Amino acid sequence: MTNGAGEPLDDFVRELVRDDLANDRFGGRLQTRFPPEPNGYLHIGHAKAITLDFELANEFDGICNLRFDDTNPDTEDTTYVDGILEDLEWLGYQPHVAPLYASDYFEQLYEWAEHLISEGMAYVDDQDAETISDQRGGFGQPGIESPFRTRSVDENLDLFRRMRDGEFDEGARVLRAKIDMQHENMQLRDPVMYRIRNEPHHRTGDRWHIYPTYDWAHGQSDAIEGVTHSLCTLEFDSHRPLYDWYLSKLPLPSDTPRQTEFARLELTHTVTSKRRLAALVEDGIVDGWDDPRLPTLRGLRRRGYPAEAIKEFCSYIGVSRANSRHQIELLESFVRQHLNATAQRKMAVLNPLRLVITNWPEGEVNEVEVVNNPENPDDGTRLVPFTGELFIEHDDFRADPPPKYFRLTPGREVRLRGAYFVTCTGFDVDDAGTPTTVYATYDPETRGGNAPDGRKVKSTMHWVSAEHAVSGSAALYERLFSAEVPGTETGDPMDDLDPNSVTTLDNCMFEPSMADLAPGEVVQFERLGYFAHDPRTQLLFHRTVGLRDEWARIQQRG
RNA sequence: UGGGGUGUGGUGUAAUUGGCAACACGGCAGUUUCUGGUUCUGCUAUUCGGGGUUCGAGUCCCUGCACCCCAACCA
């Protein structure tokens, strides 16, 4: 991967890795991991972390694994592990070994907890969550010590074993690390290591009644796997001292993993918090986790975003410690760049208007040759049937053209792509004055799209033969949230939802070759944009992203 | 309120670690074109404020300000 200037990636993480390697810190080894919690689907923000973790391993001859951080049975489910596996594979990354699970380390974690207890560094607290929270103190105010903090090692061991054996109710007791209730970093005020949960776990079933917290599980899991660089997002910065504290108290080799934090990815006009995404799905605002308006990986995939474009975007934006929100337009420019090079061109009329060629020989069908992708001659050409009755785009005809309008208008000659020059001779309107049929004559000399006398036209338009067209639907998407930063006005992002974020056109006319498009295939509708064939519904297309549209800009400026 | 983190064009990311502030997206003006797409060219605009050190500061020092994170038995 390279940055925008085509240079190898460089950032503070790579610099740090290079230093560690140069100083032989981990015996010259690099190992990362991507540690999702299986309680939701992956989104574009995860793609940034994934790209970092895996590309880093590629660059430094290291390895990267996938580890499910499944320490909380309340919310986790195998549905999500399957989904995450699918999404990761789609992105094109292959973990070094089969998926790993923090839950596979529960036994080891438990033993280490007993070790800490034996060393007088952990204790069982009988108080409830609220009491513990109150005693923790606040910013600037020291906490107070739990009355159970001075329990004997033996009593702690006994209680902890009985917690494990399921003797107590949920919430009745916790195991806490004995660190410092006065510490200025709240994370170090005797954090909870284990809580009692009688919920079945998606992998360990009902074998455990106690579950490790994130802090107690994460660093140790890293150590068990041999992770050298544990990359996570900025909000874990204040947890790093705790990460290091646990590792330093356990019988481990001295080269313990090193946690480094970077800023998470935020995008304009969307949200990436799991809670908010779940709300959009559950409240029926979108159609499901793979709704093309969502920034989920499955949503983007259905929308037609190429995995390559997503990865290039993630590499390009780099990694830093500054919170920032990238413009969605940048992602879209990567998508266009990729699709422009790869997508096959098709002619599709979204809002059909009848065009009758009055001098066309009655009943004649003429196959004209059009290019599949001008960016890639190897993709060849195809034949498209041309007849005397066609559909053109409603927007491509104006009875009364505004300035700078180059398309079809009475008396004007334009080119029908790959076919002929036609000149508009008249049109019909309905009672509302909307054109219903346009009439034109064609010039037989211009077959193939060029005039032997060298005369030029200002516009080339797409078309389909009425007799041969296949009909279908197209979903046109706007941004899900109209505000750049949803929620800036009222504090609630949901207030910025665009109620019209999707427009579905059901009377689209497609050139016949589109009947053969594979599910999920992404093509360019000439002059309109890139469209992804729905994976399940034949001839339903999702607009991935429009083409850059100068005419729209001219109109906007007025 | 204590601790930690971060401030570079409209947006994001760089700057050989003290030496001409650059790249991309966007915008604007052209060019090319059988897509008002693509290509190509040009233009546009940046170091949070105030002091200081220095021949020279985005970079070092002092100070102020703004924003983000931390007081779950979530991750």
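The model shown is predicted, which means the values in this text are computed figures rather than measured ones. Below, chains carry the letters A, B, ... as their sequence lines are ordered, and counting in each starts from 1.
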Exercise. Is the backbone of Val124(A) close enough, under 3.5 Å, to the side chain of Arg151(A) for a donor and an acceptor to pair up by distance?
Worked result: yes

Problem set entry | Identity of whatever pairs with rC67(B) - Watson-Crick or G-U, under 3.5 angstrom | rG5(B)

Exercise. Are the side chain of Arg415(A) and the backbone N or O of Gly449(A) linked by a donor-acceptor pair below 3.5 Å?
Worked result: yes

Exercise. Donor-acceptor pair under 3.5 Å: do we get one between Glu484(A)'s side chain and the base of rU11(B)?
Worked result: no

Exercise. Between Asp11(A) and Arg14(A), is there a salt bridge with N-O shorter than 4.0 Å?
Worked result: yes

Problem set entry | Atom-to-atom span, CZ of Phe406(A) to P of rU33(B) - whole angstrom | 15 Å

Exercise. To the nearest Å, how far apart are Tyr530(A) OH and rG37(B) P?
Worked result: 11 Å

For this session: Name the pairing partner of rC28(B), where a pair is Watson-Crick or G-U wobble with both distances under 3.5 Å, or state none.
Result: rG42(B)

Seminar exercise, completed: Assert: residue with more 5' nearest nucleotide on RNA chain B, out of Ser459(A) and Pro36(A), is Ser459(A)

Problem set entry | Gap between atoms CD and C1', on Gln141(A) and rA71(B) respectively (whole Å) | 9 Å

Exercise. Does rU17(B) adopt a syn or an anti glycosidic conformation, taking syn as a chi angle within 90° of 0?
Worked result: syn

For this session: Answer yes when Glu15(A) and Arg18(A) have at least one side-chain N-carboxylate O distance shorter than 4.0 Å, and no when they do not.
Result: no

Exercise. Would Trp551(A) count as stacked on rG36(B) if the rule is ring centres under 5.5 Å and plane angle under 30°?
Worked result: yes

Exercise. Who is the Watson-Crick or G-U wobble partner of rC23(B), with both distances under 3.5 Å?
Worked result: rG12(B)

Problem set entry | N/O donor-acceptor pair, side chain His239(A) with base rA75(B), under 3.5 angstrom | yes

Problem set entry | Side-chain donor-acceptor contact under 3.5 Å, Asn72(A) with Arg197(A) | no

Problem set entry | Axial cation check for Phe168(A) ring with Arg162(A), 6.0 Å and 45° limits | no

Problem set entry | Separation of the C1' atoms in rA24(B) and rG19(B), to the nearest angstrom | 25 Å

Exercise. For the side chain of Gln327(A) and the base of rG10(B), is some donor closer than 3.5 Å to an acceptor across the two?
Worked result: yes

Exercise. Given atom CD of Gln344(A) and atom P of rU35(B), what is their separation to the nearest angstrom?
Worked result: 17 Å

Problem set entry | Pair Phe334(A) + Tyr305(A): ring centers closer than 6.0 Å | no

Problem set entry | rC68(B) versus rU1(B) - spacing of their P atoms, nearest Å | 15 Å

Problem set entry | Ring-on-base stacking rC74(B) with Tyr214(A) (under 5.5 Å, under 30°) | no

For this session: Determine the Euclidean distance between corresponding C1' atoms of rU54(B) and rU13(B); express it in Å to zero decimal places.
Result: 29 Å

Problem set entry | Glycosidic class, syn or anti, of rA15(B) using a 90° window around 0 | anti

For this session: Let me know the distance between CD of Glu261(A) and P of rG4(B), rounded to the nearest Å.
Result: 14 Å

Problem set entry | Which residue lies more 5' along RNA chain B, comparing Arg240(A) with Gln524(A) via nearest heavy atoms | Arg240(A)

Exercise. Considering Watson-Crick and G-U wobble pairs with both distances under 3.5 Å, what does rG58(B) pair with?
Worked result: none

Problem set entry | Under 3.5 Å on both distances, the Watson-Crick or G-U partner of rU17(B) | none

Exercise. How does protein reach along nucleotides 39-49 of chain B, written 5' to 3' as B (base within reach of a heavy atom under 4.0 Å), S (only sugar-phosphate), or - (no contact)?
Worked result: -----------

For this session: Please report, rounded to the nearest Å, how far the P atom of rU35(B) is from the CZ atom of Arg415(A).
Result: 7 Å

Exercise. Quick one: do the Thr79(A) and Asp77(A) side chains pair a donor with an acceptor below 3.5 Å?
Worked result: yes

For this session: Sort out the partner of rG36(B) for me: Watson-Crick or G-U wobble, both distances under 3.5 Å, none otherwise.
Result: none

Exercise. Going by an N to O cut-off under 4.0 Å, is there a salt bridge joining Arg258(A) and Asp222(A)?
Worked result: no

For this session: Would you tell me if any nitrogen or oxygen in the side chain of Arg189(A) comes within less than 4.0 Å of OP1 or OP2 on rC70(B)?
Result: no

